[in-house]
Q: 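First the structure, then my questions, so here it is.
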Amino acid sequence: MKKLFISPKHRDYAIIALLIVAALVPLIIGLNPYLLTVLILMLIFIIYSSAWNFLTYTGQGSLGHAAFFGLGGYGSALVATAFGLPPFMAVFIGSGVAALAGLFIGAICVRLKEWFLAMVTFGFAIIIQTLVVSRQLSSITGGWDGIAAVRLVGGGGTANLLIEYYAILAIGFLVIVLFWLILRSKTGLAFDAIRENELEARAAGINPVKYRLFAFLVSAYFSGVAGALEVHHLGYITPEIFGVDISFWPIVYSISGGLMTLAGPVVGTIAITIVWDNLQAFGLTYGRFIIIGLLLILIIIFLPKGLISLPARIREFQKKRKKSE
Amino acid sequence: MAGGLDVILQVCIWGLYAGCIYILLAIGLNLIFGVMKVVNFAHGELLMLGAYVTFTFYAISGFNPYVLLVASVPILILIGIAIERLCFRPILGTGKLNEIFISIGLIYLIQNAAAVIWTDEYRIIHSPFESITISVFGVNLPLDYLIIIITTILILIVLYLFLRKTRLGKAMRATSQNRKGAMLMGINVERMDMLSFGIGSGLAGAAGTLWVVSGQVFTPYMGSIPAVKAFAIVIIGGLGSIPGAIIGGLILGLAENFAIFTIGGAWKDAISFLILIAVLILRPTGLFGESAE
């Protein structure tokens, strides 16, 4: 493993500091319902991006995670209504639908080259959308109108939003800790081996298909959890949840933060959300998508390890300059 | 429904016509993949640009939209070359994931730039031959469909002659067969990258013009569905195989139209995906693909 940009001890402090900031932020910026909503959606997308990023550890890239995000949402909304489950339980049960879909797509694609996986997943989200709005399934899914979902914390109002915020913060933290535990275990080592050289991994007795499928399953499930949280937060779900931009956001967030790192999706989501909201304030509609697209291209070309590699890059640059002086 | 031979023939022609646009897209993808070993996921956006270029020139000049192929193809070739030089060349060989994700940025960029330039209204052009139908074996077919099918065949013949008979075409095929070997033979492989991306984009532009003249609506966000179809064809036919793209395109066009006819239009897009899954399970490298690396 390459040298971290901060030492492990500092890293622990950084995580604790980040958590404290996250816990205090709503109190600092004031209990404004709009800002709280932005923060809640940001947390949900941190979970979603982290789940998407989990897949890249095995060298796989998905262009259609909206399928799992949306299926988790539909699954959870339907389960909650049908069985009268509390939403916090429905979120974890309903996301099983996303996990099943992930298992299905994964089983077909994990043996194939990266290109195929990206092409199949790109199509998958769009196809799921056409199925959800099709006449045969509309009676369950509500067609283009969508269906209502139980609110995560009923009632609305600033106090309830605050409870939602802390609940989702806790879930997000636990999910990332879970990813961390998986990645530092033998499984994580197997992921690295498969990504770096599949042939050698095979020779070392690692079954790439098994591990890739496992990564796909975990990634799909937690994307579903994120989708379910969003649906229960908003109180409704429409087929637009399968849209291309929902598939692309976690990619933008993870790449700008730093692929194949736990901190990357978190940093990327926060940074891009801030940029995005400020662009919105300037009244750009299409313009901000153009800016995000340009930003993504520039980051891939000039900063392939993402924003979290920025401190190291700056330090390197300073060292070089000192030497030349 | 009257399930006679004439109906089957009609559906076949529809399938052929739908297949034409997909084939042009898929061949472009395969050409680029053959030479550069990258897949441009923003290929559908190039089709959309082709459609809007045609639309713009049609609005200005009022020419017959078929003639505007001479505008859309060269412009898209230039756009393709620019994309290759500015976006794909700097990251070539830095890892598959980077090569995949750079097109996501392109999709955002192109879609929304188009929305700024042309607004996101639904647009449609009426072909001058719209109301003309001709009767073949007792089936009435719109003239436009036939022209589109013939135009596609002509484009494919020109492409075939270029790849088989010209020095440049041979150099391109050599590069796609063995990049290092081609380099040792004195072929400028980077120029081949540029050329293949340009031609691939030009074919997408032609597909865009044909999309417009066939009277289908277009918006800045129309690109993703045809792109998904093209990916399905590429997978069905085998990545990098041009004959595979033609056969795959025909299979998909026909299957889709028979699906519309038998189980309803909403499932049209799902059918292509089901075929794709079936092919991946039975023959993971596609019908004509080389065996995996």
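Reckoned from all heavy atoms, side chains included, excluding hydrogens, waters and symmetry mates.
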Q: In terms of heavy-atom proximity below 4.5 Å to chain B, should A/Ile301 be classed as side chain, backbone, both, or neither?
A: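 A/Ile301 touches chain B through backbone and side-chain heavy atoms alike.
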Q: Side chain, backbone, both or neither: which part of A/Ile299 has a heavy atom under 4.5 Å from chain B?
A: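 The answer is neither part of A/Ile299.
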Q: What part of B/Ile102 gets closer than 4.5 Å to chain A, counting heavy atoms only: side chain, backbone, both or neither?
A: both
Q: Using heavy-atom distances under 4.5 Å, tell me whether B/Leu86 contacts chain A through its side chain, its backbone, both, or neither.
A: backbone
Q: Please flag which part of A/Leu295 lies under 4.5 Å from any non-hydrogen atom of chain B: side chain, backbone, both or neither.
A: neither
Q: Under a 4.5 Å heavy-atom cut-off, does chain A meet the side chain of B/Leu97, its backbone, both or neither?
A: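 For B/Leu97, the side chain is the part near chain A, not the backbone.
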Q: Given heavy-atom pairs under 4.5 angstrom as the criterion, report whether the side chain, backbone, both or neither of A/Leu294 touches chain B.
A: both
Q: Which residues pass the ring-ring contact (aromatic ring centres under 6.0 Å, His included) test with A/Phe214, sequence neighbours left out?
A: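 For A/Phe214, no residue satisfies ring-ring contact (aromatic ring centres under 6.0 Å, His included) once neighbours in sequence are set aside.
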Q: In terms of relative ring orientation, are A/Trp249 and A/Tyr253 parallel, tilted or perpendicular, with 30° and 60° separating the classes?
A: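 The arrangement is parallel - the two ring planes meet at less than 30°.
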Q: Is the ring pair A/Phe69/A/Phe45 parallel, tilted or perpendicular, if the boundaries are 30 and 60 degrees?
A: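 Ring orientation of A/Phe69 relative to A/Phe45: tilted.
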Q: Between A/Val120 and chain B, which part of the residue has a heavy atom less than 4.5 Å away: side chain, backbone, both or neither?
A: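 For A/Val120, heavy atoms of backbone and side chain both lie under 4.5 Å from chain B.
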Q: Below 4.0 angstrom, N of the basic side chain to O of the carboxylate: do B/Glu190 and B/Arg85 qualify?
A: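 Judged by the 4.0 Å cut-off on N to carboxylate O distance, B/Glu190 and B/Arg85 do not form a salt bridge.
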Q: Just to verify, which of A/Phe179, A/Phe68, A/Phe216 counts as forming a ring-ring contact (aromatic ring centres under 6.0 Å, His included) with A/Phe222?
A: A/Phe179
Q: Without placing hydrogens or testing angles, list every side-chain donor-acceptor pair under 3.5 Å for residues 281-290 of chain A, not counting sequence neighbours.
A:
{"from": "A/Tyr286", "atom 1": "OH", "to": "B/Asp120", "atom 2": "OD1", "distance (Å)": "3.3"}
{"from": "A/Tyr286", "atom 1": "OH", "to": "B/Asp120", "atom 2": "OD2", "distance (Å)": "2.7"}
{"from": "A/Arg288", "atom 1": "NE", "to": "A/Leu284", "atom 2": "O", "distance (Å)": "3.2"}

Q: Inspect the contact between B/Asp193 and B/Arg179 and indicate whether a charged nitrogen and a carboxylate oxygen are less than 4.0 angstrom apart.
A: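 Yes, this pair counts.
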Q: Which one of A/Phe124, A/Phe116, A/Trp115 has the most heavy-atom pairs closer than 4.5 Å to chain B?
A: A/Trp115
Q: Measure A/Ile297 against the heavy atoms of chain B and call it side chain, backbone, both or neither at under 4.5 Å.
A: both
Q: What part of A/Phe302 gets closer than 4.5 Å to chain B, counting heavy atoms only: side chain, backbone, both or neither?
A: neither
